[in-house]
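Written below as structure tokens is the structure these notes are about.
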Amino acid sequence: MYNYHLHQQISALLQKHTTAAQDKLFYARFMANSAAINTLYHELYDQHAACEEAFEKLLTVIITAHEQRSAALQQKDLLKQQQQQAWFLSNHITGMSLYVDRFCGNLQQLAEKLGYFEKLGVNFLHLMPVFESPANESDGGYAVSNFRKVDERFGTIADMRELQQKMLEKNMYLMIDIVLNHTSHKHEWAEKARQGDAYYQDFFYFFNDRTLPDEYEKTMPEIFPEAAPGSFTYVPECGKWVMTVFHNYQWDLNYRNPNVLVAMLENILFYANLGVDILRIDAPAFIWKELGTTCQNLEEAHSILRLVKQCVQVAAPGMALLGEAIVAPREIMKYFGSGEYTAQECDFAYNATQMALQWDALATGNTAVMLKAQHDIWNKPYGTSWITYTRCHDDIGLGFTDETIRQAGFEPFAHRNFLKNYYAGTYPGSPASGALFSSNPKTGDARISGSLASLCGLEKALADNNSGAIDTAVNKILMMQALSMFIGGVPMLFYGDEAAYTNDYSYETDPGKSYDNRWMHRPVINSRKSKLAETPGTAENRVFTGTQKLISIRSNLNVVADKSNITWLSPHNIHVAGYLRDDVEQRLFCVFNFSNSQALLTWFAFKEKTNAPTLLYDHWTEQNFSVGADHEYLVIAPYGFHLLEVK
Ligand code: GLC
């Protein structure tokens with residue numbers, strides 16, 4: 001709805017910024033989004049003393065950021081917007097997430113390594129946090145002490161710009177994080193707060209004594225119960241308690257203060273102007289706190305994300321947002337936006353539910369839980385997408401619900417226990433080598449650490465020099481990757497997994513890492529493994545070339561672009577999961593056998609949900625299959641899969 005006063009306010013600000021004022025597209029976007037920005041902002045901050053002053057700053061931040069956006073990025077924004085469907089729904093984007101230092105050293109060296117990604121087929125890089133973060137109190141970079149300064153370990157902001165420039169020339173996409181929920185306790189704001197500066201104490205949640213922290217803790221789950229129990233930390237310099245939901249050196253920002261929002265929006269748009277294509281919003285579920293709640297997934301957290309989305313659309317429309325909400329399946333869906341903001345919040349979320357379900361099916365050999373859980377996640381708004389993955393730098397949380405486990409015919413407690421023991425390698429006969437992460441004896445919860453290869457059994461198989469077990473592990477790795485790569489969304493590989501890196505135990509002797517076993521699956525890339533990946537016949541090479549092939553098949557099948565066009569096949573064989581991807585021009589059946597023996601899948605499965613095909617071409621094995629009668633079967637090898645295009 002038109003708001004005269006808001007229009008006047010924006011026009012007055014634009015008079016001071018003539019270049020922005022003359023940009024008609026910018027002006028149109030600003031006007032189109034201003035009512036939503038105004039409403040969302042005032043719903044959150046109307047009662048705050050600094051409300052109007054901070055609102056004026058917020059509008060100025062948008063204008064200034066747009067003015068500072070380079071011509072090349074504005075051109076790229078335009079090209080992205082001109083595409084028929086959102087640019088990021090494409091099947092031509094495949095990502096890799098990596099630690100710059102552990103992958104190759106620093107940003108300059110990474111710029112020299114772009115050929116490696118091209119060879120593999122990866123054209124989208126997620127750089128794990130590279131901004132300044134105190135050594136040994138870093139949480140892998142997720143404790144940022146300066147949002148604008150690249151940490152010396154990685155190089156400089158100029159190196160970052162140069163890398164982005166090289167990536168742009170190669171049509172590669174870039175993702176970095178904004179760590180929105182907290183700063184390092186060494187951040188300038190935290191330092192000032194520690195010294196007693198009331199203005200900056202209000203940037204965090206400070207308390208004079210334990211009364212309120214005790215109240216909060218009654219309902220706040222612990223995130224790192226082993227390494228950082230509780231959610232508050234005493235600050236002796238000022239004699240107060242500060243909220244620290246994650247580690248005690250990560251201080252939670254107070255988004256009830258509009259100045260915090262504006263300062264962080266400025267950082268977001270600074271990253272946008274570095275040429276970021278997708279911004280990963282770290283831990284968005286936590287950004288609003290309310291006494292008596294879990295302090296996760298609150299309505300106001302969604303309002304903040306919607307507000308950020310609207311502002312980004314105005315200042316840097318080519319940058320998409322990924323909400324890293326690793327929460328219950330139904331809660332994840334809300335990060336795509338709901339109601340009038342459907343598809344107007346985060347463009348992406350991690351398909352964390354599907355990731356965990358694949359690990360469930362791999363351990364049990366049974367796809368029932370995976371299929372039951374789809375109901376909660378299939379209804380993703382058109383125009384939004386998933387980041388799909390099997391492993392990332394974090395642990396695997398068995399985030400699907402007890403209700404789903406029960407519907408699949410299992411008892412939740414025993415089922416979860418089995419999964420944890422299986423992947424920790426303590427279940428008799430388990431081939432996996434992982435470990436439990438953040439076990440909480442009070443709740444019985446635990447998550448799982450371990451690399452893709454080690455959890456699939458390769459570490460033990462190599463140690464035993466057991467060629468049969470090596471084959472099985474390789475098949476499992478590729479099947480897990482294939483399922484997640486064709487399901488819809490942008491696949492995000494985790495560095496090292498493309499070359500079957502097993503766990504790296506060097507973290508155990510590093511005092512800055514030994515308290516956090518997630519480091520076991522964050523390998524340091526080494527020349528020995530890289531050589532093996534290039535040597536035909538090795539497990540590493542089979543995984544590398546298999547991954548390469550999957551990426552190439554995917555980018556040649558337009559039906560795999562994420563048009564929310566997935567239909568799961570009915571479970572005719574409980575060991576097999578299958579889905580159909582279809583559009584007007586193409587149909588693709590993807591079927592995966594999660595058991596260690598051959599599985600038979602009735603041809604009826606291929607006729608039930610679509611017009612009966614007669615001939616199928618398998619892009620994976622490069623074979624044709626004639627579709628048989630309903631009493632005949634497709635035979636799928638143990639841990640095998642097929643990517644069958646209808647001919
Ligand atoms: C996110 C990151 C994780 C980090 C946490 C706190 O979940 O992925 O690695 O520990 O946020 O910043």
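Heavy atoms only: backbone and side chains are in, while hydrogens, waters and symmetry mates are out. Every number for a ligand or one of its atoms is a count from 1 in the order of the listing.
- Interface atoms of ligand 1 facing R518, defined by a heavy-atom separation under 4.0 Å, are 3 (C), 9 (O), 10 (O).
- Looking only at protein heavy atoms, the nearest one to atom 7 (O) of ligand 1 is E324 OE2, 2.9 Å.
- Among I281, L321, V144, the one residue that satisfies the side-chain contact (heavy atoms from CB on, under 4.5 Å) test with I178 is I281.
- With hydrogens left out, the protein atom closest to atom 10 (O) of ligand 1 is D139 OD2, 2.6 Å, a heavy atom.
- The shortest N or O to N or O distance between D282 and ligand 1 is under 3.5 Å.
- Taking the ring axis of Y501 as reference, the NZ or CZ atom of K529 stays within 45° of it and closer than 6.0 Å to the ring centre.
- Looking at R280 against ligand 1, only its side chain comes within 4.0 Å, counting heavy atoms.
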Donor-acceptor contacts, no H, no angles, side chain residues 486-496, under 3.5 Å, sequence neighbours left out:
{"from": "Y495", "atom 1": "OH", "to": "R522", "atom 2": "O", "distance (Å)": "3.4"}
{"from": "Y495", "atom 1": "OH", "to": "P523", "atom 2": "O", "distance (Å)": "2.6"}

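- The shortest heavy-atom distance from Q250 to ligand 1 is under 4.0 Å.
- Annotation for E152: atom CD does not count as buried by contact number, only 12 or fewer foreign heavy atoms lying within 6.0 Å.
- Counting heavy atoms from C-beta on, the side chains of W189 and F204 come closer than 4.5 Å.
- Listed by atom number, the atoms of ligand 1 under 4.0 Å from D394 heavy atoms are 2 (C), 3 (C), 7 (O), 8 (O), 9 (O).
- Close approach of ligand 1 to H182 (heavy-atom distance below 4.0 Å) involves ligand atoms 6 (C), 12 (O).
- When heavy-atom distances to ligand 1 are checked against a 4.0 Å cut-off, F224 comes that close only through its side chain, counted from C-beta outward.
- M480 has its side chain out of reach of L455: every pair of non-hydrogen atoms, C-beta onward, lies at least 4.5 Å apart.
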Salt bridge (Lys or Arg N to Asp or Glu O under 4.0 Å) for R256 and E290? Distances and angles first, verdict last. CA-CA 10 Å; R256 287 170 177 271; E290 184 81 58; 3.3 Å; yes
